[in-house]
J.: 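Could you have a look at this structure, given as structure tokens, before my questions?
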Amino acid sequence: ELIRGVENAAKSAGASVVLTESGTRHAPGPEWIDGVLRRRPLGVVLVFSTLPDELKHKLRSRAIPFAIVDPAGDPEPDVPSVGSANWAGGLAATRHLIELGHRRIAIISGPEDMLCSLARVDGFRSAMSMAGIDVDPELIRFGDFHVAGGFRHAEALLDHPEPPTAIFAGSDLQGLGVLEAARVRGMRVPADLSVVGYDDIPLARWSSPALTTLSLIHI
């Protein structure tokens with residue numbers, strides 16, 4: 001979805017997009033900047049990343065603008081970024097489940113070493129605290145934002161002696177994994193288990209039942 005959005009915006013400006021997968025989810029690999037400088041692009045968009053000072057200096061020295069989408073860490077003031085309102089999303093999703101009457105609520109966030117994952121958990125904790133509900137540490141899980149991770153963690157949660165009655169999945173893909181874990185157990189959603197996702201990807205509308213999800217963007 002992010003790539004499609006970048007391509008649509010570039011196309012409207014008469015530009016094309018070169019896509020590179022490099023390094024880790026925290027920063028591009030050392031070879032990345034050489035390719036960028038050779039191509040002399042109009043601009044650079046990084047996803048789930050940080051930008052070391054050396055790379056920032058090289059881009060700025062060539063007058064190449066850059067921005068980060070959903071930065072992996074806390075972006076520095078001089079780094080333009082566009083991110084999801086992660087804390088507010090975690091708060092809103094959990095409040096929705098609380099308003100449905102749930103008290104034993106689990107969360108499957110993303111990787112524990114990513115700022116967006118931790119912020120969604122913080123929003124979850126805040127909503128529970130405001131409602132006067134104790135948080136069971138065993139119901140807080142860190143996944144990988146993918147379907148298989150959501151399925152695996154949902155299985156563990158639903159096998160718990162006191163399973164949750166609702167699960168907030170930190171991504172729609174993980175939410176689809178939760179739905180599958182419920183299905184193979186013969187559980188009905190939402191009658192037996194309520195599920196809320198995050199991202200509002202088109203695929204979520206085609207699940208059965210359709211996945212309740214959040215779409216929150218912050219600039």
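Values reported hereafter were calculated over all heavy atoms of this structure, with side chains retained and with hydrogens, waters and symmetry mates removed. The structure presented is a predicted model; accordingly, all values stated were derived computationally and were not measured.
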J.: Please determine whether salt bridge (Lys or Arg N to Asp or Glu O under 4.0 Å) holds for the pair Arg125 and Asp122, giving the CA-CA distance in whole Å, both sets of side-chain angles, and the decisive distance to 0.1 Å.
T.: CA-CA 5 Å; Arg125 287 183 179 276; Asp122 286 343; 5.0 Å; no
J.: Shortest non-hydrogen contact from Ile98 to Arg103?
T.: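 Between these two residues, the closest heavy atoms are O-NH1, 3.3 Å.
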J.: Of all heavy-atom pairs between Ile133 and His102, which one has the smallest distance, and what is that distance?
T.: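 Minimum heavy-atom contact is CD1-O, 4.2 Å.
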J.: Before giving the answer on salt bridge (Lys or Arg N to Asp or Glu O under 4.0 Å), spell out for Lys58 and Glu54 the whole-Å C-alpha distance, their side-chain angles and the decisive distance to 0.1 Å.
T.: CA-CA 6 Å; Lys58 287 185 176 182; Glu54 179 187 359; 3.5 Å; yes
J.: If you look at every heavy atom in Ser171 and Phe145, which pair is closest and at what distance?
T.: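 Answer, listing the atom of Ser171 first, then Phe145: OG-O, 3.2 Å.
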J.: May I ask whether Leu100 and Val196 are part of the same hydrophobic cluster, defined by side-chain heavy atoms of I, L, V, M, F, W, Y residues being less than 4.5 angstrom apart, directly or through others?
T.: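 Looking at the clustering, Val196 is in the same group as Leu100.
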J.: Is there a donor-acceptor pair closer than 3.5 Å between any side-chain N or O of Asp199 and the backbone N or O of Ile201?
T.: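 Not a single qualifying donor-acceptor pair exists.
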J.: For the residue pair Thr213 and Asp172, confirm or rule out a side-chain donor-acceptor distance under 3.5 Å.
T.: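 There is such a pair between these side chains.
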J.: Between Leu118 and Glu112, does the side chain to side chain contact (heavy atoms under 4.5 Å, CB included) criterion hold? Intermediate values first, please.
T.: CA-CA 6 Å; Leu118 297 174; Glu112 194 169 4; 4.3 Å; yes
J.: Does one side chain, of Gln174 or His146, offer a donor that lies under 3.5 Å from an acceptor on the other?
T.: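 Judged by distance alone, the side chains do not pair up.
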J.: Could you walk me through whether Asp78 and Arg60 pass the salt bridge (Lys or Arg N to Asp or Glu O under 4.0 Å) check?
T.: CA-CA 11 Å; Asp78 64 339; Arg60 285 175 174 150; 3.1 Å; yes
J.: Going by the rule side chain to side chain contact (heavy atoms under 4.5 Å, CB included), which residues pair with Asp34 if we only count those two or more places apart in sequence or in a different chain?
T.: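 Result, side chain to side chain contact (heavy atoms under 4.5 Å, CB included) vs Asp34: Arg38.
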J.: Do Leu173 and Leu179 share a hydrophobic cluster (ILVMFWY, side-chain heavy atoms under 4.5 Å, transitive)?
T.: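 Shared cluster, yes.
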J.: Run the side-chain donor-acceptor check on residues 11-20: report pairs under 3.5 Å with partners two or more places apart or on a different chain.
T.:
from  : atom 1 : to   : atom 2 : distance (Å)
Ser12 : OG     : Ala9 : O      : 2.7

J.: Got Cys116 and Asn86 here, is their nearest side-chain heavy-atom distance under 4.5 Å?
T.: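 Yes, at least one pair of side-chain atoms sits under 4.5 Å.
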J.: For Gly170, does its backbone N or O pair with a side-chain atom of Arg120 as donor and acceptor, under 3.5 Å?
T.: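 Side chain of Arg120 to backbone of Gly170, a donor-acceptor pair under 3.5 Å: yes, one is there.
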J.: Gly110 and Phe142: which non-hydrogen atoms are nearest, and at how many Å?
T.: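 Smallest interatomic distance, heavy atoms only, reads O-CD2, 3.2 Å.
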J.: Any non-hydrogen side-chain atom of Thr212 less than 4.5 Å from a side-chain atom of Val195?
T.: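 No - every pair of side-chain heavy atoms lies 4.5 Å or more apart.
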J.: Please give me the minimum heavy-atom distance between Ala181 and Val184, naming the atom from each residue.
T.: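 Scanning both residues completely, I find the closest heavy atoms to be O-CG2, 3.2 Å.
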J.: Mind checking whether Phe124 and Leu97 have side chains closer than 4.5 Å, heavy atoms only?
T.: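 They are not in contact (no side-chain heavy atoms under 4.5 Å apart), so the answer is no.
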J.: Determine whether Leu59 and Val36 make a side-chain contact, defined as any pair of heavy atoms from C-beta on separated by less than 4.5 Å.
T.: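 Yes. Closest side-chain heavy atoms under 4.5 Å.
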J.: Evaluate the side-chain proximity of Val79 to Phe66: yes if any heavy-atom separation is below 4.5 Å, no if none is.
T.: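 Sidechains of Val79 and Phe66: in contact.
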J.: Would Arg4 and Glu7 count as a salt bridge (Lys or Arg N to Asp or Glu O under 4.0 Å) if you check the C-alpha gap in whole Å, the side-chain angles of each, and the deciding distance to 0.1 Å?
T.: CA-CA 5 Å; Arg4 185 177 295 115; Glu7 287 183 330; over 6 Å; no
J.: Kindly give the heavy-atom pair with the smallest separation between Gly175 and Leu211, and that separation in Å.
T.: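 Shortest heavy-atom separation between Gly175 and Leu211 comes out as CA-CD2, 4.2 Å.
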J.: For a 4.5 angstrom cut-off between non-hydrogen side-chain atoms, does Val178 reach Phe151?
T.: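 Of all side-chain heavy-atom pairs linking Phe151 with Val178, none is under 4.5 Å.
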J.: Who passes side chain to side chain contact (heavy atoms under 4.5 Å, CB included) against Met187, sequence neighbours left out?
T.: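 For Met187 the side chain to side chain contact (heavy atoms under 4.5 Å, CB included) partners, ignoring immediate neighbours, are Leu158, Ala182, Arg185, Asp192, Leu193.
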J.: With a 4.5 Å limit on heavy-atom distance, are the side chains of Pro52 and Lys56 in contact?
T.: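 Not touching, per the 4.5 Å side-chain cut-off.
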